[in-house]
Every structure is written in structure tokens, then in C-alpha cells.
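Input: a single structure, listed below in C-alpha cells.
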Amino acid sequence: MEVRSGELERKEILSLKDGSRIGYADHLLVDLDTASVRALVVCGRLRWFGLLGREPDLTIPWQNIEVIGEDAILVRMTEALPKPRPENRARKWLRALSAAWKAADSTHGRSCSV
């Protein structure tokens with residue numbers, strides 16, 4: 001089976017350990033001396049729209065890739081995957097503010113009678 005590097009970017013990477021979604025391949029690391037693929041790189045998520053940088057990238061060695069299928073890439077991870085960040089106070093506050101705004105907006109036009 002042949003696959004182009006652009007096709008790898010459209011395949012979701014899944015962990016065989018727990019079935020969790022890791023992300024999508026953003027880059028291939030190629031060893032130019034041996035002309036072989038060394039790893040897949042999943043770029044870290046943007047923090048605050050990129051203004052605060054990125055989370056660390058995840059490098060998946062080529063030997064950890066078990067299967068490249070039609071829609072997904074299954075990998076065996078030996079290192080722990082980055083855990084999702086807990087929701088911080090600012091995010092909770094923005095979520096509550098948004099919910100309050102939507103509630104006030106939905107009753108705004110209905111309370112008055114003409």
C-alpha cells in the first residue's frame with residue numbers, strides 16, 4: 001500500500017492503549033542519510049489563539065505505528081500522552097457569562113407586550 005504525505009495529514013491518529021484520539025499528523029520526520037521516515041509529529045494545540053504559544057509537540061516514532069488504515073493510524077504509545085488541561089477559572093467565568101447572556105437575550109423580546 002502506498003500513501004502520500006498529504007494523505008497522512010487527513011488520517012486521525014488513535015492510541016491502541018485506550019482508544020483515545022491523539023490528533024492528526026502535521027509533519028513527517030525523514031532521515032536524509034537513510035532515506036527513511038523516522039517519526040510522525042503532531043503539533044501541540046494553540047494556547048489562547050496562539051498568543052500564548054503552543055503546547056508541546058508530540059513525536060511518534062515510526063516503529064510505534066502499528067497500522068495505517070483507510071481513515072486512521074493506530075499507534076502504540078510507550079510514553080504517557082499529554083492529559084487534557086483542566087478547565088480554569090477564566091474559562092468557567094466566560095462560559096457562565098455566555099450562558100447568562102444567551103438567557104437574557106432569549107427573554108428580551110418576549111417579555112414586553114405591544
Side-chain angles (χ1 to χ4, degrees):
M1 175 175 148
E2 291 182 354
V3 69
R4 297 174 186 247
S5 62
E7 293 173 3
L8 286 177
E9 294 175 3
R10 293 189 290 269
K11 296 180 188 291
E12 190 167 24
I13 300 174
L14 305 172
S15 173
L16 281 173
K17 183 177 180 181
D18 57 1
S20 63
R21 294 177 173 175
I22 297 173
Y24 293 89
D26 293 305
H27 304 290
L28 286 174
L29 292 181
V30 178
D31 185 351
L32 296 179
D33 295 331
T34 61
S36 61
V37 177
R38 304 283 293 185
L40 290 176
V41 178
V42 178
C43 291
R45 294 185 320 190
L46 295 175
R47 292 177 22 202
W48 195 255
F49 306 107
L51 296 173
L52 299 177
R54 288 186 172 269
E55 293 179 355
D57 293 346
L58 179 64
T59 302
I60 303 168
W62 193 255
Q63 57 267 21
N64 287 11
I65 296 174
E66 293 292 327
V67 177
I68 298 177
E70 292 286 325
D71 300 322
I73 301 171
L74 301 179
V75 297
R76 176 182 29 86
M77 295 300 296
T78 54
E79 62 187 48
L81 294 174
K83 295 181 180 176
R85 292 180 297 158
E87 192 170 32
N88 61 18
R89 278 193 250 160
R91 194 171 294 189
K92 286 181 184 177
W93 182 80
L94 286 172
R95 198 172 301 232
L97 183 65
S98 175
W101 183 266
K102 285 179 185 177
D105 190 42
S106 65
T107 60
H108 176 65
R110 297 180 190 167
S111 60
C112 57
S113 59
V114 178

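Any value given below was found using the heavy atoms of this structure, including those in side chains, with hydrogens, waters and symmetry copies removed. Keep in mind the model is a prediction, meaning the values are calculated, not measured. For the single chain, residues carry numbers from 1 onward in sequence order.
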- [ ] State, yes or no, whether a side-chain contact exists between Val42 and Asp57 at a heavy-atom distance under 4.5 Å.
- [x]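 No, too far: nothing below the 4.5 Å cut-off.
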Open item on the list: Connecting only ILVMFWY residues whose side-chain heavy atoms lie within less than 4.5 Å of each other, what is the rest of Val67's hydrophobic cluster?
Closed with: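 When side chains under 4.5 Å apart are linked, the cluster holding Val67 also contains Leu14, Leu16, Leu74.
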TODO: List, by chain and then residue number, the residues other than Val41 in its hydrophobic cluster (Ile/Leu/Val/Met/Phe/Trp/Tyr, side-chain heavy atoms under 4.5 Å); write none if there are no others.
DONE: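 Under the 4.5 Å side-chain rule, Val41 groups with Leu29.
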- [ ] With sequence neighbours excluded, tell me which residues meet side chain to side chain contact (heavy atoms under 4.5 Å, CB included) with Asp31.
- [x]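 Applying side chain to side chain contact (heavy atoms under 4.5 Å, CB included) to Asp31 gives Asp33, Thr34, Ser36, Arg38.
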Can you tell me how far the [atom1] atom of [X] sits from the [atom2] atom of [Y], to the nearest 0.5 Å?
{"X": "His27", "Y": "Thr59", "atom1": "NE2", "atom2": "OG1", "answer": "10.0 Å"}
{"X": "Ile60", "Y": "Ser15", "atom1": "CD1", "atom2": "OG", "answer": "9.0 Å"}
{"X": "Ile22", "Y": "Leu58", "atom1": "CD1", "atom2": "CG", "answer": "6.5 Å"}
{"X": "Glu12", "Y": "Asp71", "atom1": "CD", "atom2": "CG", "answer": "9.5 Å"}

For the residue pair [X] and [Y], what are the closest heavy atoms and their distance?
{"X": "Ala39", "Y": "Pro61", "value": "CB-CA, 4.0 Å"}
{"X": "Tyr24", "Y": "Ile13", "value": "C-CD1, 4.1 Å"}
{"X": "Ala25", "Y": "Leu40", "value": "CB-CD2, 4.0 Å"}

Task: Those residues that, when tested against Glu66, pass side chain to side chain donor-acceptor pair (under 3.5 Å) (two or more places apart) - done: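 So Glu66 forms a side chain to side chain donor-acceptor pair (under 3.5 Å) with Arg76.
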